[in-house]
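All residue numbers refer to positions in the sequence shown, counting from 1. This one's a predicted model, so the numbers in the text were calculated from it and none came from an experiment. Every number for a ligand or one of its atoms is a count from 1 in the order of the listing.
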Amino acid sequence: MATAAPVEIAAMRRAIELAARGLGHTSPNPVVGCVVLDSEGRTAGEGWHRRAGGPHAEVYALRAAGERARGGTALVTLEPCNHTGRTGPCAQALIDAGVARVVYAVADPSPTATGGALTLAEAGIEVEGGLLADEAAAGNEAWLTSVLRGRPFVLWKYAATLDGRVAAADGTSRWISSPESRADVHRLRAAADAVIVGSGTARADDPQLGVRIAGLSDDEISRPLRVVVDSGASAVKAGARVLDGTAPTLIAVAEDADAAHLEGLAPIVRLPRAAEGRGLHIPALLQALHARDVRSVLLEGGPTLAGAFLAARAVDKVVGYLAPVLLGAGPAAVGDAGITTIAEALRLDVTETARLGPDLRITATPIRHSRPEEN
Ligand SMILES: NC(=O)c1ccc[n+]([C@@H]2O[C@H](COP(=O)([O-])OP(=O)(O)OC[C@H]3O[C@@H](n4cnc5c(N)ncnc54)[C@H](OP(=O)(O)O)[C@@H]3O)[C@@H](O)[C@H]2O)c1
């Protein structure tokens, strides 16, 4: 965008930073940040959307700016909304505050909220879109993906040895990766609305799936829904750590499963079985989570369930922690993903590599190709 002044670019970058503070708290809404500059280009107010049902970013920033917003510029990471949901439309709030100019990064693709830019322009406000759009979209990738695909964004993470194994031959897997990598996984959990494991992992590891982040109090940490995909309702039993009450839990079972023993222990959702192979129908699982306002999922495995998600083309991003450890035997990071020949290999773009203690973290996104997503 040619017309944005350097002060506006800096303010938008700040708004993107502010938006990230809402990660893990705002679903089913996006994360949004806003900076209001006064007519001289000085920061007059800042805000971000803190949690669903609470005021939007623009409202916080306008409140902080007060009269200084009049004649000023609002920088917003997402096109201001145009609809009255649990809070009023932000486009109207900006008009009422008397701002002269609104610059947003990403156009709102959701059918209910879109149109804010037009409303602002019709009110005589100068409006520009697209400033730092890629950076802002990356910060909102889970929500944007969920709008585009009509299901939650899925990030699959695994920790493997250098020879690609996620457990030893006897099933033990603690701890393949370093404390630094494990701390990083807690950061991923905190940003997700739900964490998913398969029944095999629930049986082998009895994971708690909670979030612990050094330096943050319990109030500051989000508690993603813990989901165990347990078709036969046989892996999660009374006393399982995932039932410890520290965060909500959902057990996904088959429509015909005998789940009487889970009554009073955890909510269950009954889902159809997969048409082929084992387990539950993955698109139905994702739809059920979407209906519960889950917009981002951290899939923590194990390899069998990860293979099923990959086969359903339901993985949007992969984070692999590779530890400088060799096992020589044991399960591979991913099980059968329905790929039988090299021409069908699921290829990925590496978007980031980082060192975490002794480990290497690789972030990659599948290259979308002709085979459509299952639904
Ligand atoms: N290093 C790591 O990052 C990591 C992460 C996780 C796990 N692990 C290790 O992995 C091992 C467990 O892995 P796993 O592969 O045996 O178990 P898993 O992937 O956790 O669970 C597999 C089970 O999930 C259920 N399931 C439900 N829907 C499914 C579907 N559509 N497709 C496939 N399965 C579905 C099936 O059992 P039902 O039909 O009975 O429901 C299936 O047997 C353990 O040793 C654990 O320590 C390592």
I'd like to know if [X] pairs up with [Y] as an ion pair, taking the criterion as any Lys NZ or Arg NE/NH1/NH2 lying under 4.0 Å from an Asp or Glu carboxylate oxygen.
X    : Y    : result
R361 : D184 : yes
R270 : D256 : no
D244 : R241 : no

Checklist entry - Does T145 reach the main-chain N or O of E141 with its side chain, forming a donor-acceptor pair under 3.5 Å? => result yes
Next on the checklist: Is the positively charged end of R21 above the ring of W48, judged by distance under 6.0 angstrom from the centroid and angle within 45° of the axis?
Outcome noted: yes
Next on the checklist: Does the structure place the NZ or CZ of R50 under 6.0 Å from the centre of the six-membered ring of Y60, at an angle of no more than 45° from the ring's axis?
Outcome noted: yes
Item to check | Sub-4.0 Å heavy-atom environment of ligand 1, residues by chain | outcome: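 Ligand 1 pocket, heavy atoms under 4.0 Å: K157, Y158, A159, V166, A167, G171, S173, G198, S199, G200, T201, A204, D205, V229, D230, S231, R278, G279, L280, I282, E300, G301, G302, P303, T304, L305, A308.
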